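For reference, the structure discussed in these notes is given below.
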Amino acid sequence: MYRKILVAYNGTPESRSALQECIRLNPEPSTEIHLLAVINPPPSVVIGEYAMVSMLGIEEEIQAEKQKMEHELNDGCSCLREAGLKVQTHIEVGEPVPTIAELVDQLGIELVIVGHSRHQSLAMRWWRGATDALLVEKIRCSLLVATDPK
C-alpha cells in the first residue's frame with residue numbers, strides 16, 4: 001500500500017478524475033495525500049526599460065492565479081477529506097514537470113496521480129512530449145494516469 005500519494009490538481013474534469021482515482025485506491029487512514037496545484041508562469045520577453053512593468057504584470061497575474069488555485073484546492077481537499085483521507089495542500093509556481101518531480105523527491109512520494117484529457121490520444125500526447133510523458137521520465141515513483149470517464 002502507498003504511504004505517500006501526490007495528486008496533481010487544478011480543478012479541471014481530468015484532475016477531478018485524479019481525485020476520484022485517489023479515493024478509489026482506498027488508502028489507509030495513515031496515508032499522506034498531497035494535493036498539488038502548479039501555477040505555470042506566463043512566458044514573457046522582457047526588453048530594456050519595460051522590465052519593471054512586465055515583472056509587475058506577471059506578479060499580478062501569478063497572484064490572481066494563486067487565488068483561483070487556492071479556491072480549487074479547497075474544493076479538491078474537501079472532496080478527499082469527505083472520503084476520510086488526510087490531505088495536505090501545496091501551491092507551487094513553476095513548470096509542472098520539474099515542480100512535481102522536486103516535490104516527489106522532497107516528500108518521499110510513492111505514487112503520483114495525474115489527470116489525462118481524452119481530446120488527444122494518449123500515445124499522441126506521449127509522442128509529442130506531453131506533460132505525462134515527461135513526468136514518467138523525471139519521477140522515481142509510480143505514476144497513475146486517470147482519465148475522465150465521460
Side-chain angles (χ1 to χ4, degrees), residues 1-44 54-126 128-150:
M1 186 56 79
Y2 299 107
R3 293 172 305 200
K4 294 185 179 187
I5 299 172
L6 179 102
V7 181
Y9 186 73
N10 63 4
T12 62
E14 296 82 18
S15 68
R16 282 187 222 112
S17 294
L19 286 181
Q20 293 305 312
E21 285 299 319
C22 183
I23 292 167
R24 281 182 38 174
L25 287 172
N26 197 23
E28 295 176 4
S30 62
T31 302
E32 290 180 23
I33 308 296
H34 296 270
L35 190 60
L36 170 67
V38 179
I39 298 169
N40 199 357
S44 65
S54 294
M55 291 306 291
L56 289 174
I58 289 170
E59 282 298 318
E60 289 172 0
E61 200 171 322
I62 288 172
Q63 273 306 110
E65 192 64 21
K66 274 187 179 180
Q67 288 177 348
K68 176 185 167 202
M69 281 299 115
E70 283 175 3
H71 176 72
E72 294 295 344
L73 275 178
N74 287 336
D75 288 348
C77 188
S78 294
C79 179
L80 292 171
R81 285 187 175 148
E82 286 172 12
L85 302 176
K86 182 172 69 173
V87 184
Q88 296 177 26
T89 61
H90 307 268
I91 297 179
E92 301 290 336
V93 177
E95 292 292 323
V97 171
T99 301
I100 292 170
E102 185 177 313
L103 210 53
V104 164
D105 290 342
Q106 281 178 0
L107 300 173
I109 298 296
E110 298 171 339
L111 174 67
V112 172
I113 305 174
V114 297
H116 165 67
S117 172
R118 291 183 183 262
H119 296 1
Q120 292 179 323
S121 74
L122 185 60
M124 192 61 168
R125 286 177 50 130
W126 283 43
R128 293 166 87 185
T131 299
D132 306 2
L134 295 172
L135 188 58
V136 78
E137 296 294 326
K138 299 287 184 188
I139 61 174
R140 301 208 182 277
C141 68
S142 297
L143 175 65
L144 191 156
V145 180
T147 60
D148 185 10
K150 296 177 185 172

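Treat the numbers as computed from the prediction; the structure is a model and nothing was measured.
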Looking only at heavy atoms, what is the nearest atom pair of V145 and H116, with distance? CG1-CB, 3.4 Å
Considering only heavy atoms from C-beta outward, does the side chain of L103 approach that of H34 to under 4.5 Å? no
Does a side-chain heavy-atom distance below 4.5 Å link V104 with I100? yes
If I take atom SG from residue C79 and atom CG from residue N74, how far apart are they, to the nearest 0.5 angstrom? 13.0 Å
CG-CD1 distance between L134 and I139, expressed to the nearest 0.5 angstrom: 11.5 Å
Kindly determine whether V7 and V87 satisfy side chain to side chain contact (heavy atoms under 4.5 Å, CB included), including the steps that lead there. CA-CA 10 Å; V7 181; V87 184; over 6 Å; no
Under 4.5 Å between any side-chain heavy atoms of T99 and N40, yes or no? no
I need the L111 CG to I33 CD1 distance, nearest 0.5 Å. 8.5 Å
If you take all heavy atoms of I91 and I39, which pair is closest and at what distance? CG2-CD1, 3.6 Å
Please name the pair of heavy atoms, one in V38 and one in P96, separated by the smallest distance, quoted to 0.1 Å. CG1-CA, 3.7 Å
Do I5 and E32 pass the side chain to side chain contact (heavy atoms under 4.5 Å, CB included) test, and can you show the C-alpha distance, the side-chain angles, and the key distance before you say yes or no? CA-CA 6 Å; I5 299 172; E32 290 180 23; over 6 Å; no
Please give me the minimum heavy-atom distance between A18 and A8, naming the atom from each residue. CB-O, 4.2 Å
Between L19 and G76, what is the shortest heavy-atom contact and its length? CD1-CA, 3.7 Å
Taking the side chain as every heavy atom from C-beta outward, state whether H90 and L107 have any atom pair closer than 4.5 Å. yes
State the CD-OG distance between Q20 and S15, to the nearest 0.5 angstrom. 11.0 Å
Hey, could you give me the CD/NZ distance between Q63 and K68, rounded to the nearest 0.5 Å? 15.0 Å
Find the distance between CD1 (I113) and CG (L36) and round it off to the nearest 0.5 Å. 12.5 Å
Look at the side chain of E110 and the backbone N and O of Y2, then say whether any donor-acceptor pair between them is shorter than 3.5 Å. no
Is any side-chain heavy atom of V97 less than 4.5 Å from a side-chain heavy atom of E95? no
Counting C-beta onward and ignoring hydrogens, is there a side-chain heavy-atom pair between T31 and L85 closer than 4.5 Å? no
Between the main-chain N or O of A146 and the side-chain N or O of S17, is there a donor-acceptor pair closer than 3.5 Å? no
Please tell me if the side chains of Y9 and R16 come closer than 4.5 Å, counting only heavy atoms from C-beta onward. yes
Below 4.5 Å, heavy atoms only, C-beta onward: do M69 and N10 meet side chain to side chain? yes
